[in-house]
Asker: 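Handing you this structure, nothing more for now.
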2 protein chains.
Amino acid sequence: MSRVLVVDDEPQIRRALSINLRARGYDVEVAQDGERALELAARKHPDVVVLDLGLPGIDGVDVIRGLRGWTQVPIVVLSVRDAEDDKVAALDAGADDFVTKPFGMDELLARLRAALRRTAPAEEDAVIDTADFTIDLAAKKVQRNGEEVRLTPTEWHLVEVLVRNRGRLVAQTQLLQEVWGPQYHDETNYLRVFMAQVRRKLEPEPAHPRYFITEPGMGDRFEP
Amino acid sequence: MSRVLVVDDEPQIRRALSINLRARGYDVEVAQDGERALELAARKHPDVVVLDLGLPGIDGVDVIRGLRGWTQVPIVVLSVRDAEDDKVAALDAGADDFVTKPFGMDELLARLRAALRRTAPAEEDAVIDTADFTIDLAAKKVQRNGEEVRLTPTEWHLVEVLVRNRGRLVAQTQLLQEVWGPQYHDETNYLRVFMAQVRRKLEPEPAHPRYFITEPGMGDRFEP
DNA sequence: GCGCAGTTGACAACCCGTTAACAGGTCGTT
DNA sequence: AACGACCTGTTAACGGGTTGTCAACTGCGC
């Protein structure tokens, strides 16, 4: 199920959210301050972030900026009532939604579902069919000639980003950051190696790719 | 600028929002009940909907469902405090965000910006069509006679600057600085070489350019 | 320790920006 | 009208950087 990163300095809130979210089937990571939040986000690639604005150390709004520098992951902010200015600043920094403390668990869960649904592919777009293979984004499966093709996690992640932007050119730095994390923005080696692996598994002629196209100097794209 | 559809049954709120939003440069449509909201949304295709939950006639949540049947337009819901159940129902029906009444105009504006920003990448389908070719700025693709034309990074960069300023004359120094960098302001050689390459790839008669025009001594411009 | 996945390095093939050289055209000057 | 200076258009070669590919290495989990 979906991975959630919870960022809050109050242990009892971390604990409450952790228990409640796990009970609903989410994978939960917790961080108690901004530094750890950014580091965990880079390592674990959560599907959604729940972030308390009132953090010790790095300010919550700066955490949002730090995340927005490299990822579009939805961010749900927790804030105290009457902190109107903070809310506006958070939204402008790129937060997706927020919940006022004290909050009901039902409301938070509803907002998490809403945030996740926004990034989830629309139902009808979840399956991409080509003449040579079929990609099911929801099920995370690829079929070729009726047989299932196994992709490693990184290979899949790469394919996913390209397919979600099908028809569009995706810059190398963007691909690297979305698949490997913010500090990998110039490890173009990885891209070459994994594009080659993906092509070997999916392209009819890996040496003359038809779907996973590299535009020299510009980036890569998936052509359906 | 962006088109906003405001749905509320209270005339003073419609009026206040209408004035404030227009003052910020939004195009505003108003509807006083659910039926008109659905009808206006279908006719005008707003970029974002501001919807009061407590409507006469069709329930606000049903309006959300009605919209979600055919569009992903972001919906910002207005609701009274303590209507927790309504909020959850609205979010699950597909609302994107909501604001509790009474609300500050700053907060509403911030949430509108956030909602618009979420769809911005998709919305920004800047596609320029001419009789001879099509330029898709978002996908970084150029088509000519149904076939894809490949531009090198520098060629693309040059085309992009010209197209974004379509119809306007762009000075040589400005082009050189935007495409090659600040220290290249007088390398007019580059401009000639690359304008020629772009013309060769896109113009029907490269020797008599119709789209990529050089105004001697002044600069260049793209004529759609 | 075995197997899988990700990481790293090496190298050839290729692509693209740079550069130079020259032809054609325009304009001002004589 | 003739001339030359200057700007523009066109082409081709060079060299450096990027890409595709392979294989060995590392680290982790079973």
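Reckoned from all heavy atoms, side chains included, excluding hydrogens, waters and symmetry mates. Order of the sequence lines sets the chain letters (A, B, ...), proteins ahead of strands, with each chain counted from 1.
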Asker: Hey, are A:Arg14 and A:Glu10 close enough for a salt bridge, meaning a charged N less than 4.0 Å from a carboxylate O?
Answerer: no

Asker: When rounded to the nearest 0.5 angstrom, what is the spacing between CH2 in A:Trp156 and CZ in A:Phe194?
Answerer: 15.5 Å

Asker: Has B:Arg192 got a side-chain N or O lying under 4.0 Å from the OP1 or OP2 atom of D:dC7?
Answerer: no

Asker: Do A:Asp97 and A:Arg111 meet the salt-bridge criterion of a basic N to acidic O distance under 4.0 Å?
Answerer: yes

Asker: Is a salt bridge present between A:Arg221 and A:Glu223, judged by a nitrogen-to-oxygen distance below 4.0 Å?
Answerer: yes

Asker: In this structure, how many angstroms lie between the C1' atom of D:dT11 and the CG atom of B:Asn189, rounded?
Answerer: 12 Å

Asker: Less than 4.0 angstrom between a side-chain N/O of B:Thr154 and OP1 or OP2 of C:dG17, yes or no?
Answerer: yes

Asker: May I ask you to evaluate whether B:Thr188 reaches the phosphate of D:dT8, defined as a side-chain N or O under 4.0 Å from OP1 or OP2?
Answerer: no

Asker: On the nucleotide C:dC15, are OP1 or OP2 found under 4.0 Å from the side-chain N or O atoms that B:Thr152 carries?
Answerer: no

Asker: Roughly how many Å is it from NE2 in A:His45 to P in C:dG6, rounded to a whole number?
Answerer: 12 Å

Asker: Report yes if a side-chain nitrogen or oxygen of A:Trp180 is closer than 4.0 Å to either non-bridging phosphate oxygen (OP1 or OP2) of C:dT7; otherwise report no.
Answerer: yes

Asker: Which part of the nucleic acid, if any, lies within reach of B:Gln172 when heavy atoms closer than 4.0 Å are counted: base, sugar-phosphate only, or nothing?
Answerer: sugar-phosphate

Asker: Nearest to the B:Arg150 side chain among D:dT8, D:dT21, C:dC16, which nucleotide is it?
Answerer: C:dC16

Asker: Measure from CZ on B:Arg200 to C1' on D:dA12 and round the result to the nearest Å.
Answerer: 11 Å

Asker: In whole Å, what is the span from the NZ atom of A:Lys201 to the P atom of C:dG6?
Answerer: 8 Å

Asker: Just to be sure I understand the rule, does B:Glu155 reach a base, reach only the sugar-phosphate, or reach nothing, if contact means heavy atoms closer than 4.0 Å?
Answerer: nothing

